[in-house]
Engineer: 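Please see the structure below; I have some questions.
These numbers were taken from a predicted model, which means no experiment stands behind them. When a ligand or atom number is given, it counts from 1 through the structure's own listing order.
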Amino acid sequence: MKAALCLAFNQPLSIETVTLAPPRPGEVEVTLGACAICHSDIHYMDGAWGGRLPAVYGHEAAGWVTALGDGVTAYAKGQRVLVTLIRACGHCACCASGRPTVCEDPHYRDTPVSLPDGTPVTQGMATGAFAEKVVVHTSQLAPLPDDMPLDVASLLSCGVITGTGAVFNSAKMPAGVTALVIGAGGVGLNAVQGARIAGARRVIAMDVAPEKLAAAAEFGATDGVLATAGDARDQVRALTGGRGADYVYVTVGAVRAYEQALGFCAPGGSVVMAGMTANDEVMHLNPGNTAYLEQSLVGSRMGSTVLARDIPRLIEHYRQGRLKLDELISNRYPLERINEAIEDARKGVSRRNVILFDAFGKGAP
Ligand SMILES: [Zn+2]
Ligand SMILES: [Zn+2]
């Protein structure tokens with residue numbers, strides 16, 4: 001099968017023919033229809049998070065189950081599924097308490113992908129979906145209805161759950177509060193629409209790009225703060241009666257954004273940490289002030305998502321017009337043009353670029 005491989009950091013991906021091992025017990029093979037490009041893929045391509053090369057990235061995918069490992073009964077061949085990087089054992093203390101995104105024993109396997117000469121290819125984020133097929137654990141899947149287009153559905157695998165889940169699950173944000181979302185990119189727009197759906201009385205988006213604030217307004221932001229126009233803290237205070245926001249969502253992987261976030265936060269408020277910074281970065285904060293104001297820092301990985309619970313909810317929000325998905329897609333590209341799609345995503349103006357595989361046009365394999 002064809003895959004777009006990272007052979008060296010900071011270089012374009014290379015389309016190569018690779019071999020995929022058959023699914024083992026508890027795993028399935030999924031033939032992909034679509035895979036969206038996420039900034040995490042780009043961070044990996046740039047070497048920010050290390051890892052061995054060659055590697056195949058891509059982790060925001062949807063397709064059809066085409067082979068089942070021994071003992072898999074929850075899925076059938078031909079079934080449409082979304083594929084995520086959330087891999088969970090189902091029975092550790094975290095899984096048992098409904099927190100599979102921090103599973104303590106996810107059983108990461110040796111990679112099923114290799115070059116024709118046998119050289120192993122790292123399966124990026126336990127998914128490796130910049131390829132025509134993946135072999136993943138069943139915990140990484142969620143069923144999709146037949147009428148949901150796979151390009152639209154693929155967005156639910158990462159950006160949408162990370163943004164909306166930060167609001168619904170990590171923060172458990174109640175209705176009526178004020179929310180500030182720092183960064184109006186792929187995750188930020190979804191935190192904005194999550195905050196709208198959750199009933200925030202004010203949803204303030206903050207970004208350095210005016211066109212991204214315009215996009216945030218489309219997704220439900222009541223106000224926009226251009227971080228480069230005057231003191232951002234003064235602007236947030238002016239919009240929140242001088243208090244700051246009850247919930248501040250950091251959706252960008254920038255230390256500076258984290259350091260500013262507590263200054264935007266109301267007394268008793270929470271800073272929800274959804275943006276992933278590079279491995280070696282640290283932030284400065286004044287712990288005494290945070291304690292004095294009873295502010296909370298809430299870590300949020302993949303929106304604290306429980307696939308079986310959250311994906312059906314999100315699909316219903318989409319069907320009823322509350323959750324915008326079609327509007328998140330900027331452009332569609334074939335796998336051969338993936339580097340163009342990535343370069344466009346790097347510019348930061350596009351929402352999500354989606355790779356459509358040959359199977360997308362042909363239908364169920
Ligand atoms: Zn992602
Ligand atoms: Zn677990």
Engineer: If the Zn ion (ligand 2) is the vertex, what is the angle to SG of C92 and SG of C95, rounded to 10 degrees?
Structural biologist: 110°
Engineer: Against L156, only a single residue in L307, T305, L323 fulfils side-chain contact (heavy atoms from CB on, under 4.5 Å); can you say which?
Structural biologist: L323
Engineer: Please determine whether the number of non-hydrogen atoms from other residues, nucleotides or ligands lying under 6.0 Å from atom CZ of R109 exceeds 12.
Structural biologist: yes
Engineer: So, C94 and the Zn ion (ligand 2): N/O/S under 2.8 Å, yes or no?
Structural biologist: no
Engineer: Looking only at heavy atoms, what is the nearest atom pair of Q140 and L85, with distance?
Structural biologist: NE2-CA, 4.0 Å
Engineer: Which value, rounded to 10°, describes the NE2(H59)-the Zn ion (ligand 1)-SG(C38) angle?
Structural biologist: 110°
Engineer: Using the six-membered ring wherever Trp is involved, compare the ring planes of Y44 and W49 and label them parallel, tilted or perpendicular (cut-offs 30° and 60°).
Structural biologist: perpendicular
Engineer: Counting backbone and side-chain atoms alike, is an N, O or S atom of H39 positioned under 2.8 Å from the Zn ion (ligand 1)?
Structural biologist: no
Engineer: Give a yes-or-no answer on whether the side chains of T164 and N190 include a donor-acceptor pair shorter than 3.5 Å.
Structural biologist: no
Engineer: Give a yes or no on whether C89 keeps an N, O or S atom under 2.8 Å from the Zn ion (ligand 2).
Structural biologist: yes
